[in-house]
**Q** 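I'd like to ask some things about the structure below.
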Amino acid sequence: MATQMFEGRGHAAVYQKYRFAPGKELQQTILTYLQGKRANPAELAVDVGCGSGQGTCFLAEHFKKVVGTDISEAQIQEARKAPSPPNVSYLVCPAEELPFEDASVDLLASFTAAHWFDIAKFMREANRVVKPGGCVVISTYTVDMSLRYGNCSEKLTKVFRESWDLLLKYSHDRIKLVLEDYKEIFEALPFPDKKRITDIFDKIPMTVAGVIGYLESVSPYQAFMKNDPEAAKSLLQETEKRMLETMRVSSRETPVELWVRHVCVLGCK
């Protein structure tokens, strides 16, 4: 059964504001793979579990038509409100019941979402809708993250990871798939021509406020908020305070770099 974690309007708005698009190295990994496998014209790409459209808009540069789908109506509302290219549209639907004809999709993609799907049912849908010669791209960023700022990067990362470690106590069982680098998802992909890359590293430009907003957007924080709202808010406030003190700055708009490791499962039908 699929797991729904991003339903609330407030959470969807935070997600839209603070979640980052696929980084340059991940984009390049995906595009290099697709160019090497290109048996079909770049007609239709579908971004499953698209959230508020960060990955969908990346695909729009490379396909004639891109459809983002998500089970959460709140997420799709946020995606539709955000600026997007004219060849992008959005639909509310489950990942396991895609409203596309058999063998009609050139690329089926999912960015930091597939661990919430019913994997067996999703893979059956992938096999149904992807054209012969079409591709599947399933990626996630991992919890292997660090922060860079001046000469205090090590201390800053320690502050960030201490907060992450606390939040992970509230993580859903499905996060296990991320912690295991999507091994189960790779094994479930029904295409014999497939590979899994676990060492894609990106540098994401952010601010202190953006880092705190990102932490607020993750599912373990939302679970923490439901369990103990005051403690959850206090954690973010304390994390921001410690970051600013470590950096010896006062503005939460001070730029930092978030270094993140991605995992990507790639397959061709």
**Q** Checking T142 side chain against D144 main chain: does a donor-acceptor pair fall under 3.5 Å?
**A**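 Answer holds: yes.
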
**Q** Can S52 and Q54 be counted as having a side-chain donor-acceptor contact under 3.5 angstrom?
**A**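 Checked: S52/Q54 side chains pair up, N/O donor to acceptor below 3.5 Å.
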
**Q** Quick one: does S110's side chain have a donor or acceptor within less than 3.5 Å of a partner on V48's backbone?
**A** yes

**Q** When you check the gap from the basic side-chain N to the acidic O, do K121 and E125 get nearer than 4.0 Å?
**A**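 Not counted as a salt bridge, because no side-chain N and carboxylate O are separated by less than 4.0 Å.
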
**Q** Please determine whether side-chain contact (heavy atoms from CB on, under 4.5 Å) holds for the pair F160 and T239, giving the CA-CA distance in whole Å, both sets of side-chain angles, and the decisive distance to 0.1 Å.
**A** CA-CA 7 Å; F160 177 74; T239 303; 5.8 Å; no

**Q** Less than 4.5 Å apart, any side-chain heavy atom of E253 and any of V208?
**A** no

**Q** If you look at every heavy atom in L244 and S251, which pair is closest and at what distance?
**A** CD2-O, 3.4 Å

**Q** Can a salt bridge be assigned to the pair K269 and D106 using a cut-off of 4.0 Å between side-chain N and carboxylate O?
**A**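 Not counted as a salt bridge, because no side-chain N and carboxylate O are separated by less than 4.0 Å.
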
**Q** For F58 and F111, take the angle between the two ring planes, folded into 0 to 90°, and tell me which bin it lands in: parallel under 30, tilted 30 to 60, perpendicular over 60.
**A** perpendicular

**Q** Using modelled atom types only, decide if a donor and an acceptor are shared between the side chain of S234 and the backbone of A231 within a distance under 3.5 Å.
**A** no

**Q** Between L167 and L215, is a side-chain contact (heavy atoms from CB on, under 4.5 Å) present by the stated rule, with each step listed?
**A** CA-CA 9 Å; L167 289 178; L215 289 174; 4.1 Å; yes

**Q** Taking it one step at a time, do V263 and E180 satisfy side-chain contact (heavy atoms from CB on, under 4.5 Å)?
**A** CA-CA 10 Å; V263 171; E180 294 173 351; over 6 Å; no

**Q** Which heavy atom of G68 sits nearest to which heavy atom of I76, and what is that distance?
**A** O-CD1, 4.2 Å

**Q** For G210, does its backbone N or O pair with a side-chain atom of R252 as donor and acceptor, under 3.5 Å?
**A** no

**Q** Heavy atoms only: give me the nearest S171-L168 pair and the separation to one decimal.
**A** OG-O, 2.7 Å

**Q** Would you say L26 and W259 are hydrophobically clustered, going by side-chain heavy atoms of ILVMFWY under 4.5 Å?
**A**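 No, L26 does not connect to W259 through the hydrophobic network.
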
**Q** For the side chain of D70 and the backbone of G51, is there at least one donor-acceptor N/O pair under 3.5 Å apart?
**A** yes

**Q** Can you check whether H262 and F201 have ring centres sitting under 6.0 Å from each other?
**A**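 No, ring centres 6.0 Å or more apart.
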
**Q** Using a 4.5 Å cut-off on heavy atoms from C-beta on, say whether the side chain of F63 contacts that of L34.
**A**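 SC-SC contact between L34 and F63 confirmed.
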
**Q** Which pairs, with at least one residue in residues 146-160 and sequence neighbours excluded, count as a salt bridge (Lys or Arg N to Asp or Glu O under 4.0 Å)?
**A**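 As it turns out, the salt bridge (Lys or Arg N to Asp or Glu O under 4.0 Å) pairs with a partner in residues 146-160, which skip direct neighbours, are K158-E162.
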
**Q** Could you give me the CA-CA distance, side-chain angles and deciding distance for Y214 and M145, then say whether side-chain contact (heavy atoms from CB on, under 4.5 Å) is met?
**A** CA-CA 12 Å; Y214 166 72; M145 296 179 177; 3.1 Å; yes

**Q** With a 3.5 Å distance limit and no angle check, can you tell me whether S104 reaches the backbone of F100 through a side-chain donor-acceptor pair?
**A** no

**Q** Looking only at non-hydrogen atoms, find the nearest pair between L189 and K194 and report the distance.
**A** O-NZ, 2.9 Å

**Q** For a 4.5 angstrom cut-off between non-hydrogen side-chain atoms, does M247 reach C152?
**A**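 Contact flag for M247/C152 side chains = yes.
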
**Q** Check this for me: does any side-chain nitrogen of one of R261 and D199 sit under 4.0 Å from a carboxylate oxygen of the other?
**A**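 No salt bridge links R261 with D199.
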
**Q** Taking the basic N atoms (NZ, or NE/NH1/NH2) and the acidic carboxylate oxygens, is any pair closer than 4.0 Å for K81 and E78?
**A** yes

**Q** Compare all side-chain heavy atoms of L266 with those of C135 and state whether any distance is below 4.5 angstrom.
**A** no

**Q** Can you tell me if D102 uses its side chain to pair, donor with acceptor, with the backbone of V129 under 3.5 Å?
**A**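 Checking the backbone N and O of V129 against the side chain of D102, no donor-acceptor pair under 3.5 Å is found.
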
**Q** Would you say I175 and H115 make side-chain contact, with heavy atoms under 4.5 Å?
**A** yes

**Q** Charged N to carboxylate O under 4.0 angstrom, K65 versus E43?
**A**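 Judged by the 4.0 Å cut-off on N to carboxylate O distance, K65 and E43 do not form a salt bridge.
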
**Q** Under a 3.5 Å threshold, yes or no: a donor from one side chain and an acceptor from the other, between T32 and Q28?
**A** yes

**Q** Counting N and O atoms only, with roles assigned by atom type, does the side chain of R174 sit under 3.5 Å from a partner on the main chain of W116, one being a donor and the other an acceptor?
**A**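 Yes.
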
**Q** Any side-chain to backbone donor/acceptor pair from S153 onto Y149? Under 3.5 Å, distance only.
**A** yes

**Q** Is it true that R124 and D118 make a salt bridge, defined as a side-chain N closer than 4.0 Å to a carboxylate O?
**A** no

**Q** Looking at every heavy atom in both G49 and A113, which two are closest together, and how far apart are they?
**A** O-CB, 3.4 Å

**Q** Tell me if a side-chain donor or acceptor on D47 pairs with a main-chain N or O of T56 at a distance below 3.5 Å.
**A**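 Side chain of D47 to backbone of T56, a donor-acceptor pair under 3.5 Å: yes, one is there.
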
**Q** Is there a side-chain contact between V46 and V66, using heavy atoms and a 4.5 Å cut-off?
**A** no

**Q** Are F122 and I119 packed together at the side-chain level, in the sense that at least one heavy-atom pair is separated by less than 4.5 angstrom?
**A**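 F122 does not reach I119 side chain to side chain.
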
**Q** Holding to salt bridge (Lys or Arg N to Asp or Glu O under 4.0 Å), I want the full list of residues that pass it with K24, two or more places apart in sequence or in another chain.
**A** none

**Q** Does some side-chain heavy atom of V211 sit less than 4.5 Å from a side-chain heavy atom of V256?
**A** yes

**Q** Grab the two heavy atoms, one from R128 and one from E101, that are nearest each other, plus how far apart they are.
**A**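 Heavy atoms of R128 and E101 come nearest at NH1-C, 3.8 Å.
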
